[in-house]
There are 2 protein chains.
Amino acid sequence: MKLKDSKTEEVILDAAKVVFMEYGLYGARMQQIADRAGINKALLHYYFRNKERLFDRVFENALSRYFQNMEVLLDESLPIIDRVHSYADRFIDFLTEYPQMAIFLIKEVSLNQALFEEKVKSHIKENPSLIAVINHGIQREEIQIIDPMLFFVNLVSLCTYPFVARPIFKVVAAKNDALWGVEQEISFRSSVHEFINNKIKPL
Amino acid sequence: MKLKDSKTEEVILDAAKVVFMEYGLYGARMQQIADRAGINKALLHYYFRNKERLFDRVFENALSRYFQNMEVLLDESLPIIDRVHSYADRFIDFLTEYPQMAIFLIKEVSLNQALFEEKVKSHIKENPSLIAVINHGIQREEIQIIDPMLFFVNLVSLCTYPFVARPIFKVVAAKNDALWGVEQEISFRSSVHEFINNKIKPL
DNA sequence: TCATGGTTTAACCAAATGGTTAACAAAGGT
DNA sequence: ACCTTTGTTAACCATTTGGTTAAACCATGA
């Protein structure tokens with residue numbers, strides 16, 4: 001028998017994404033998700049059994065997106081330093097498109113670190129890691145960098161935290177008659193690339 | 001009649017701090033707080049009327065602590081660049097002592113930005129701002145810096161995000177046979193100071 | 001010692017919430 | 001037309017949870 005090719009599942013996932021992103025696993029309400037999806041609450045359970053399973057799916061999708069932007073690192077045709085610059089750009093692109101994603105990950109990870117580690121491990125196995133690529137570049141004597149892990153942390157911090165703490169920065173900016181918004185995106189990006197150039201020395 | 005100088009209020013606030021920090025306003029349970037404080041749940045309401053008021057007190061305390069470390073900036077006896085370095089150190093000291101504080105602020109701010117702005121405004125009025133101090137230094141031609149607001153965002157990102165995303169970084173580090181923990185604190189601090197020195201030019 | 005009033009508790013309540021059930025609608029195969 | 005499977009809903013249930021109440025507790029001043 002042919003199944004009714006219902007879009008319901010997708011509609012639910014979309015709604016759940018929005019609600020979970022904003023309120024987290026505990027804060028989100030099943031009724032709220034059902035309302036946003038325009039369906040009866042029981043349908044949520046019909047499709048996803050329970051809240052946690054629904055959340056898992058949303059979280060899994062978010063994680064996929066989060067790791068998707070790492071693929072640039074594999075492009076062997078580019079010098080490593082270019083790949084790092086692209087990586088940073090993709091990272092910022094990604095966060096510009098899904099600004100809540102970072103904070104969503106942070107929030108849930110801080111609540112349930114074990115679950116996160118389990119979920120991330122499979123992704124991390126399939127995906128290239130910036131650090132591995134850098135280490136490879138060092139071994140091939142293509143680049144020089146003091147501490148790859150520290151570089152990674154610094155870089156990701158520079159890229160991510162402005163999105164995570166945007167509301168805080170907005171208040172601070174307003175207080176100081178400074179600007180902080182889309183207008184600053186270009187100089188923000190430049191500052192990240194400048195940081196990369198300061199840290200990675202081509203040989 | 002003399003009031004029993006009860007420490008109950010303080011005991012409750014301590015317990016509430018821990019629970020709210022971990023689970024946030026919505027995730028925290030009054031019973032959980034009462035249990036941790038070793039008292040009856042009704043006492044919470046006796047002292048703080050309701051959950052939101054209790055949360056407000058905890059949040060207010062956290063905010064005070066958060067702004068406390070800004071006082072270095074006012075020490076006119078120091079050159080501005082030294083004050084910035086001290087500011088960064090205090091910032092990291094603070095987050096080392098209260099690692100959950102940053103993520104706690106972020107989480108609650110993202111849920112209720114209006115409330116945060118209201119609460120922060122009073123603090124921000126009484127406290128010096130790094131940006132204001134830097135602007136002052138530029139005007140006095142003591143230092144040169146391209147974009148104070150951008151510098152502020154970059155600096156705070158470098159200092160804060162490693163604490164916010166510590167669980168994520170730990171997983172990444174483990175995957176790459178790298179280290180990320182207390183042992184790296186010194187080189188982490190150095191990287192922040194290095195960033196400051198790269199950006200601020202004394203005249 | 002005992003009345004007073006702040007402090008603390010057990011028991012309770014109403015609302016919210018995740019989840020279930022049973023009935024119904026729709027759609028396809030025969 | 002009729003049956004079977006899938007999709008959808010309203011009504012319901014059990015539990016959780018923030019909050020209330022009334023009574024007990026206990027230090028103190030008279």
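In what follows, chains are A, B, ... by sequence order, proteins preceding strands, each numbered from 1. Atom set for the values below is all heavy atoms of this structure, side chains included, hydrogens, waters and symmetry mates excluded.
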**Message:** Does this structure show an ion pair linking A:Lys199 with A:Asp147, if we count only N-O contacts that are shorter than 4.0 Å?
**Reply:**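 So A:Lys199 does not pair with A:Asp147 through a salt bridge.
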**Message:** So if I take every side-chain heavy atom of B:Lys51 and compare against D:dG19, C:dT8, D:dT8, which nucleotide ends up nearest?
**Reply:**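 Side chain of B:Lys51 sits closest to D:dG19.
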**Prompt:** Picking from D:dT17, D:dG7, C:dT20, which would you name as closest to the side chain of A:His45?
**Reply:**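 Of D:dT17, D:dG7, C:dT20, C:dT20 is nearest to the side chain of A:His45.
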Please report, rounded to the nearest Å, how far the [atom2] atom of [N] is from the [atom1] atom of [X].
X       : N      : atom1 : atom2 : answer
B:Asn50 : D:dT17 : CG    : P     : 17 Å
B:Glu9  : C:dT7  : CD    : C1'   : 13 Å
B:Tyr26 : C:dA16 : OH    : C1'   : 14 Å
A:Tyr23 : C:dT17 : OH    : C1'   : 16 Å
A:Gln31 : C:dA15 : CD    : P     : 17 Å
B:Met30 : C:dA15 : CE    : C1'   : 16 Å
B:Phe48 : D:dT20 : CZ    : C1'   : 18 Å
B:Tyr46 : C:dT7  : OH    : P     : 4 Å

Counting just side-chain N and O atoms, does [X] come under 4.0 Å of either OP1 or OP2 of [N]?
X       : N      : result
B:Arg29 : D:dG18 : yes
B:Tyr47 : C:dT8  : yes
B:Thr8  : C:dT7  : no

**Asked** Heavy atom of residues 33-43 of chain B under 4.0 Å from DNA chain D: which residues?
**Response**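 Listed by number, they are B:Lys41, B:Ala42.
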**Item:** B:Phe55-B:Phe20 aromatic ring centre distance below 6.0 Å
**Value:**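 So the answer is yes for these two rings.
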**Item:** Pair A:Asn198-A:Glu194, side-chain donor/acceptor within less than 3.5 Å
**Value:**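 Side chains of A:Asn198 and A:Glu194: no pair found under 3.5 Å.
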**Asked** With no hydrogens and no angle check, do the side chains of A:Asn135 and A:Gln139 hold a donor and an acceptor under 3.5 Å apart?
**Response**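 Their side chains do not contain a donor-acceptor pair, so the 3.5 Å distance test is not met.
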Is [X] reaching over with its side chain to a backbone N or O of [Y], donor-acceptor style, under 3.5 angstrom?
X        : Y        : result
A:Arg83  : A:Asp75  : yes
B:Gln184 : A:Leu150 : no
A:Ser64  : A:Glu60  : yes

